[in-house]
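So the structure is just underneath, and the comments pick up after that.
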Number of protein chains: 2
Amino acid sequence: MDVRTLCLGALMGGDATGYEIRKMFEDGTFSHFQIASLGSIYPALTKLTQDGLVTFVEQEQENRPDKKIYCLTSEGRRKFIRTLLQVRPAEDRYRSDILFTLTFAEELPVEMTEALIDEFAARHEAMTQMIDPHNPDKPHSAANPGRDEDGNLKPGCQFVAGLGQAMCEASLKFIRENKQGLIDDLKTFKANKP
Amino acid sequence: MDVRTLCLGALMGGDATGYEIRKMFEDGTFSHFQIASLGSIYPALTKLTQDGLVTFVEQEQENRPDKKIYCLTSEGRRKFIRTLLQVRPAEDRYRSDILFTLTFAEELPVEMTEALIDEFAARHEAMTQMIDPHNPDKPHSAANPGRDEDGNLKPGCQFVAGLGQAMCEASLKFIRENKQGLIDDLKTFKANKP
DNA sequence: ATTGACTATATCAATTCGATATATGACAAT
DNA sequence: ATTGTCATATATCGAATTGATATAGTCAAT
């Protein structure tokens, strides 16, 4: 799925600026299962405008650059749904430098291994906070759509959030139960092979 | 972490061809937490050769293109370890078109939502098989390093494999417990909003 | 017979990332 | 006082990477 399609999806939750769309992928609704950088979002929005799939109104701001608030056209909306229906979703891909590094734990100081695991845990801890739809310090901003008029989370979003939480919790649980074992294994491993 | 570093890491487990390195990321040891395509691996190996971090011997084959079997130099090995020690690992990133699509479940036919969830489950089921170090149909090929001379899985690899399994199992469990609920929610949701 | 899958290397256009530039205000730290 | 950093906001661009394609032969299946 290319960034253009992702932008259309982001605008399904309501009008937004390019900056706000990036936040949806950085902090917001999509952050735990999609990625898009500003360097791809802005050109995508320009292209979508040219193709008539979105429009924008420019909002002047005091002492700040103008905002461009983008809005799906009815054609953009139709195009997005059609894409979802037609395109075969790509394989999921998970990318983790930390896990890659841990694969070579035998070659590293044990303290570093421990620090890497702690870092992994901390990041996943932060992610559960971010995903949690009931989290009170999560603002009801443009970066967190997926709700209907009454403020209820839509079923699809709720399911996806729950799935993300379950995966985070599982990894945290695994670390709690297996970190010390790995450290011990590494120590004996290193003692045997100097 | 760039593809050059990933290639060095792949060669830590023993000599391999570019094709075999891709398999490590496609099917093998690294497949569930790193990605690298052939289009990036071959140029990376060329660059690494120029920099003296790997060497290769060309092996003629009957009725096939020659194999280039790449091998870490001692400098390459040192460089790799140094990189692991120095480089701050990038944020983990998980990318899933299926989950993104499910976010818009309200806009799709319920049958499609169900099919997407089943597909997600099937892929994760396949992944657990692939990760499992005890899986008997997993060959002891160049695509599956991470073992010492006695065939024992190294502690770091075992930990990472276990973590991957735990996350897969958690997602499968979540789906078993919540799929029907989502389908029901969607039906009532759609009934209320025609 | 022919389609598709596997081994093997290589190239390349299109896409995307990540860093940087620009402008301003707020707030914390030294 | 001043420096640093963070947040808002858009935009550009080189570098890295993907994904498709070319080449070429073997093998199994339809």
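Chain identifiers are assigned alphabetically (A, B, ...) following the order of the sequence lines, protein sequences preceding nucleic acid strands; residue numbering begins at 1 within each chain.
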I'd like a table of donor-acceptor pairs (distance under 3.5 Å, sequence neighbours excluded) in which one partner is a side-chain atom from residues 35-43 of chain A, with atom names and distances.
{"unit_1": "A:Ser40", "atom_1": "OG", "unit_2": "A:Ser37", "atom_2": "N", "d": "3.4"}
{"unit_1": "A:Ser40", "atom_1": "OG", "unit_2": "A:Ser37", "atom_2": "O", "d": "2.8"}

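Direction change of the helix axis from one end of the helix from C:dA1-D:dT30 to C:dT30-D:dA1 to the other is 30°, with five pairs defining each end axis (rounded to 10°).
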Worked verdict on A:Tyr70 versus A:Phe56 for ring-ring contact (aromatic ring centres under 6.0 Å, His included): CA-CA 4 Å; A:Tyr70 288 89; A:Phe56 66 89; 5.3 Å; yes
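Neither OP1 nor OP2 of C:dT7 sits under 4.0 Å from any side-chain N or O of B:Thr17. At C:dT9, one or more side-chain N or O atoms of B:Tyr42 fall inside 4.0 Å of OP1 or OP2 (strictly under the cut-off). Applying the 4.0 Å criterion to OP1 and OP2 of D:dA7, one finds that A:Lys23 has every side-chain N and O outside that range.
A cation-pi arrangement, defined by a distance under 6.0 Å to the six-membered ring centre and an angle within 45 degrees of its axis, is present between B:Arg22 and B:Tyr19.
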Quick one: what's the B/S/- string for nucleotides 14-19 of chain C, heavy-atom cutoff under 4.0 Å, read 5' to 3'? --SBB-
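In this structure, the side chains of B:Thr101 and A:Met1 come closer than 4.5 Å at one or more pairs of heavy atoms.
As a whole-Å value, the separation of B:Arg22 CZ from C:dA5 C1' is 12 Å.
Residues A:Pro43 and A:Lys67 each lie close to DNA chain D; by heavy-atom proximity, the contact nearer the 5' end of the strand is made by A:Lys67.
Checked against the 6.0 Å centroid criterion, the rings of B:Phe30 and B:Phe25 qualify as a close aromatic pair.
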